Amino acid sequence: MSKIKVGDLVWWRGVWGTDAPKKATVTSLELTRSRKEKEGVPVDVVDTDTQTFLVDLDNGKWAYGWQVYPVITDKHE
C-alpha cells in the first residue's frame, strides 16, 4: 500500500494520463467519493490504492488520483 502526502514528489501524467510522466510536488490533496469528482474534502495524506482523490501540484496543474504516483527514491543515493 502506497501513500501520498502534501509535500511529496510524484510522477504526474497530464492530458488524462496520456502525457509522458513529469515530476511535480503535491501542494494540496482532496479525498473524493468517485474517481472523476472535481471537489472533495481536504486531507493531508491519501492511500493511492483508492484513486479517489485530487491533487494540486507546484507546476500550477491539478490531477485526479489515477494520474499521479509516488516517486520512489533510493535512500542510499
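Note that the structure is a prediction, hence the values are computed from the model and not measured.
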Let's go through Lys22 and Trp11 carefully: what are the C-alpha distance in whole Å and the side-chain angles of both, what is the deciding distance for side-chain contact (heavy atoms from CB on, under 4.5 Å) to 0.1 Å, and is it a yes or a no? CA-CA 5 Å; Lys22 297 177 184 168; Trp11 289 107; 5.7 Å; no
Apply the hydrophobic cluster definition, ILVMFWY joined by side-chain contacts under 4.5 Å directly or through others, and give me every member besides Val43. Ile4, Val6, Val10, Trp12, Val26, Leu29, Leu31, Val46, Phe53, Val55, Leu57, Val68
Pairs touching residues 1-10 that satisfy salt bridge (charged side-chain N to carboxylate O under 4.0 Å, His left out), sequence neighbours left out: Lys5-Asp8
Which class fits the ring pair Trp62 and Tyr64: parallel under 30°, tilted 30 to 60°, perpendicular over 60°? perpendicular
Do you know which two heavy atoms are closest between Asn59 and Ala24, and how far apart they sit? ND2-CB, 4.0 Å
What side-chain hydrogen bond (donor to acceptor under 3.5 Å, both in side chains) pairs are there with at least one residue in residues 27-40, not counting sequence neighbours? Ser28-Asp56
Going by the side-chain hydrogen bond (donor to acceptor under 3.5 Å, both in side chains) test, which pairs reach into residues 45-54, not counting sequence neighbours? none
